[in-house]
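Worksheet for the structure shown next.
Note that ligands are numbered from 1 as they come in the structure, with each ligand's atoms numbered from 1 the same way. Predicted model, so just to flag it, every value in this text is computed and none were measured.
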Amino acid sequence: MAEIKIQSIRGMNDLLPTESAIWQQIEKIVKGVLNSYGYNEIRTPIVEDTALFKRAVGEVTDIVEKEMYTFNDRNDESITLRPELTAGCVRAGIEHGLFYNQEQRLWYLGPAFRYEKPQKGRYRQFHQFGVEVFGLEGPNIDAEIILLTARFWKALGIEKHTTLQLNSIGSVAARGNYRKALVEFLEQHKDKLDEDCLRRMYTNPLRVLDSKNPIIQELLNEAPQLFDYLDEESKDHFKRLCYLLDQAGIHYEINQRLVRGLDYYNRTVFEWVTTSLGAQGTVCGGGRYDGLVSQLGGQATPAIGFAMGVERLVLLVQAVNPSLSASDAIDIYMVSSGNDETIAIAQNVAEQLRDAMPDKRIMTHYGTSNFKKQFAKADKLGAKIAVIIGENEATKQTVTIKNLQTGEQVEVAKQDAASSCLAIIK
Ligand code: ATP
Ligand code: MG
């Protein structure tokens, strides 16, 4: 009986060589922007103690209720594949004393796992690029990380396709008061609520605000407004943030129903959304979480961060700025008659070329094809130059440099190969 073929886990994708160039290009641009703001990378493990996410993300969030990959390890400890990276950053910061009287401006990149229904822009293993800043409480840092995200879009050429939604959800106490008022309102309109909203009404009523159901959205027009319940400090924080964004020329829409899914946020919350990706339109989401460090056992430390989904960024770049795709063309193709002697020379010259031009892509032909086939291969790979070592060249200690764009070729001494190539490609 034939064995059943083993396939990848549903919702977990291979990144094939044809796509890796665009990923690398996007990662390079994003890292360049992060570096230009002086942020440093942090890497934390992919698995953490399950209790970390329950406590940080919140027991009644979608993530903890139904999306986590949770297992018992061989020692019967409950561990979870991280569904997001903030909790791990905070855990690591507390564990290593990163928050004592110091600011931290950090970024991360890595996979996250959520058991969701796979579809375009939504996967079970996906990747997040994110930032976490600790130790700064003013609205100025809120403005800076929004400026930084705006710079990403510009550098990626997608700035015309993203809009910023902004809100303040106030202090925990203010939100508590609002929550009470909202639940009272919802109780009076139970007959109009769908199943999701009925379930959330008591567990996580603020989530009702971002229901996609149009009947609910209409009902909410009469509901109490979060802004009316904000504490004065949060109102002032938000006003100052809006001022800084106005001064920086950043356009935003205030969306009073933007609350974000996770428990740990307070005050500023924001999302960058696009209409170019269909249903999965949130590219980046973030906010302030001043209570989380102490909630996880550290000393109280103000914090703000955001995360963006790399897959959605890739889809958006491919949709609206396909020219960004980096070329994976080869620059120089080493052609030889293919016996051990000429191959050895080809390899040796290729090493010299890599010393002289480390950013060029230089590939050596192996196998027994004739010269014509090797040139055809060089063309197919997009090479601009072929460096040829035939029997003749081997005897004379020379190489022939062929400009594949013009067809011109010159024979030069082996040690002059690099300068001849550099004269053709800078
Ligand atoms: P959504 O409303 O789309 O479910 P979310 O609020 O659950 O998003 P966050 O927890 O804020 O998402 O994660 C930050 C970003 O990570 C999202 O804005 C999105 O770009 C990306 N993201 C979240 N879940 C997935 C997923 N399952 N697959 C791909 N990207 C995702
Ligand atoms: Mg989600």
In this structure, atom 4 (O) of ligand 1 is nearest to the protein heavy atom Arg122 NH1, 2.9 Å
Is the distance between the ring centroids of Trp23 and His127 under 6.0 Å? yes
- Determine whether the side chains of Asn213 and Asp194 contain a donor N or O and an acceptor N or O closer than 3.5 Å. yes
Check: of Arg260, Gln128, Glu84, Arg114, min heavy-atom distance to atom 10 (O) of ligand 1 comes from Arg114
The closest protein heavy-atom partner of atom 21 (C) of ligand 1 is Gly309 CA, 3.6 Å
Closest to atom 25 (C) of ligand 1 by heavy-atom distance, out of Phe126, Tyr265, Phe306, is Phe126
Closest to atom 27 (N) of ligand 1 among protein heavy atoms sits Glu116 OE2, 2.6 Å
The ring-ring contact (aromatic ring centres under 6.0 Å, His included) partners of Phe152 (sequence neighbours excluded) come to none
Note to self: Over 60° means perpendicular and under 30° means parallel, so tell me whether Phe134 and Phe99 are parallel, tilted or perpendicular.
What the structure shows: tilted
of all protein heavy atoms, closest to atom 17 (C) of ligand 1 is Thr282 O, 4.0 Å
Any heavy atom of Arg312 under 4.0 Å from ligand 1? The part involved is side chain
Verdict with reasoning, Phe270 to Leu164, per side-chain contact (heavy atoms from CB on, under 4.5 Å) = CA-CA 7 Å; Phe270 66 93; Leu164 174 61; 3.9 Å; yes
query = Among the heavy atoms of Glu311, does any lie under 4.0 Å from an atom of ligand 1?
reply = no
TODO: Show your working on ring-ring contact (aromatic ring centres under 6.0 Å, His included) between Tyr108 and Phe129 and close with a plain yes or no.
DONE: CA-CA 6 Å; Tyr108 60 73; Phe129 238 127; 8.2 Å; no
re atom 28 (N) of ligand 1, the protein heavy-atom contact at minimum distance is Tyr123 N, 3.0 Å
Under 4.0 Å between heavy atoms, the region of Val283 that gets near ligand 1 turns out to be backbone
Heavy-atom nearest pair, Pro45 first then Arg82, reads O-NH1, 3.3 Å
